Amino acid sequence: MDHLPTTEAAVTALRAIAAEYAREIEVTHDIGADQTSRRTAAGVGVITDPDGSLPHEAYAEFGGIPRVSVRLYPDDDALISVEGVECPDIPRDDVPAFLRSVFGGLAWVKARRFPPGHFLMVPLPGGRTHKEYVVVGLSPWLSGRVR
């Protein structure tokens with residue numbers, strides 16, 4: 001697992017994964033405290049954080065099925081959405097492995113009988129699995145992965 005010290009390093013990794021899985025990718029960048037989503041209290045025209053750094057956030061959308069988007073935050077984490085299932089607080093360094101599990105067919109949906117519910121299960125290195133409750137209805141892609 002590679003360390004991704006910056007948002008730009010993570011974007012480079014996302015582009016490599018898009019090429020690896022023959023997917024289109026569209027990336028937009030928000031740079032400056034007045035532009036990033038978690039810095040709304042910064043005030044109008046304030047572009048640096050109190051420590052003088054310039055926060056950089058990026059949003060990437062991948063083409064194809066499953067529908068996947070990634071919002072990379074300046075705080076070393078990400079929000080990944082897979083077919084409408086939002087997976088918050090993914091460490092930036094885990095984003096490439098998470099996407100490889102999804103695009104490589106390793107991710108699956110766990111069905112629970114009582115109380116009824118579904119969970120998106122995404123295997124990660126080191127025997128870890130990210131588990132996210134499916135609030136939205138099951139898309140055809142999610143339905144096809146129910147175990």
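Each residue takes its place number in the sequence, starting with 1. This structure is a prediction, so every number in the text was calculated from the model and none was measured. Values below: all heavy atoms of this structure, side chains included; hydrogens, waters and symmetry mates excluded.
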Student: Answer yes or no: is there a side-chain heavy-atom contact under 4.5 Å between L142 and V85?
Tutor: yes
Student: Please name all residues satisfying side-chain contact (heavy atoms from CB on, under 4.5 Å) with L106, sequence neighbours left out, ordered by chain then number.
Tutor: S101, P123
Student: As a quick check of understanding, evaluate salt bridge (Lys or Arg N to Asp or Glu O under 4.0 Å) for R92 and D75, giving each step before the final call.
Tutor: CA-CA 9 Å; R92 185 187 306 162; D75 304 320; over 6 Å; no
Student: Measure the spacing between CZ of R112 and CZ of F114 and express it to the nearest 0.5 Å.
Tutor: 9.5 Å
Student: Please write out which residues are connected to L4 in a hydrophobic cluster, directly or through intermediates, given that two of Ile, Leu, Val, Met, Phe, Trp, Tyr count as joined at side-chain heavy-atom separations below 4.5 angstrom.
Tutor: none
Student: What pairs with R67 under side chain to side chain donor-acceptor pair (under 3.5 Å), at least two apart in sequence or on another chain?
Tutor: E83
Student: Just jot down the side-chain contact (heavy atoms from CB on, under 4.5 Å) partners of E26, sequence neighbours excluded, or say none.
Tutor: none
Student: Going by the rule side-chain contact (heavy atoms from CB on, under 4.5 Å), which residues pair with S69 if we only count those two or more places apart in sequence or in a different chain?
Tutor: Y59, E61, S81
Student: Report yes or no: is the cationic atom of R145 (NZ for Lys, CZ for Arg) closer than 6.0 Å to the six-membered ring centre of W108, at no more than 45° off its axis?
Tutor: no
Student: In the single-linkage hydrophobic clustering (I, L, V, M, F, W, Y; side-chain heavy atoms under 4.5 Å), do L99 and Y73 co-cluster?
Tutor: no
Student: Show every donor-acceptor pair shorter than 3.5 Å between a side-chain atom in residues 17-24 and any protein atom, with sequence neighbours excluded, or say none if there are none.
Tutor:
| unit_1 | atom_1 | unit_2 | atom_2 | d |
| --- | --- | --- | --- | --- |
| E20 | OE1 | R100 | NE | 3.3 |
| E20 | OE1 | R100 | NH2 | 3.1 |
| E20 | OE2 | R100 | NE | 3.4 |
| R23 | NH1 | G63 | O | 2.8 |
| R23 | NH1 | P66 | O | 3.4 |
| R23 | NH2 | I65 | O | 2.7 |

Student: What is the minimum heavy-atom distance between P5 and D76, and which atoms define it?
Tutor: O-OD1, 4.4 Å
Student: For A111 versus V146, what's the shortest heavy-atom pair and its separation?
Tutor: CB-CG1, 3.8 Å
Student: So does P125 get a backbone contact from the side chain of R128, meaning a donor-acceptor N/O pair under 3.5 Å?
Tutor: yes
Student: Nearest heavy-atom pair of G117 and Y133: which atoms, and what distance?
Tutor: CA-CE1, 4.2 Å
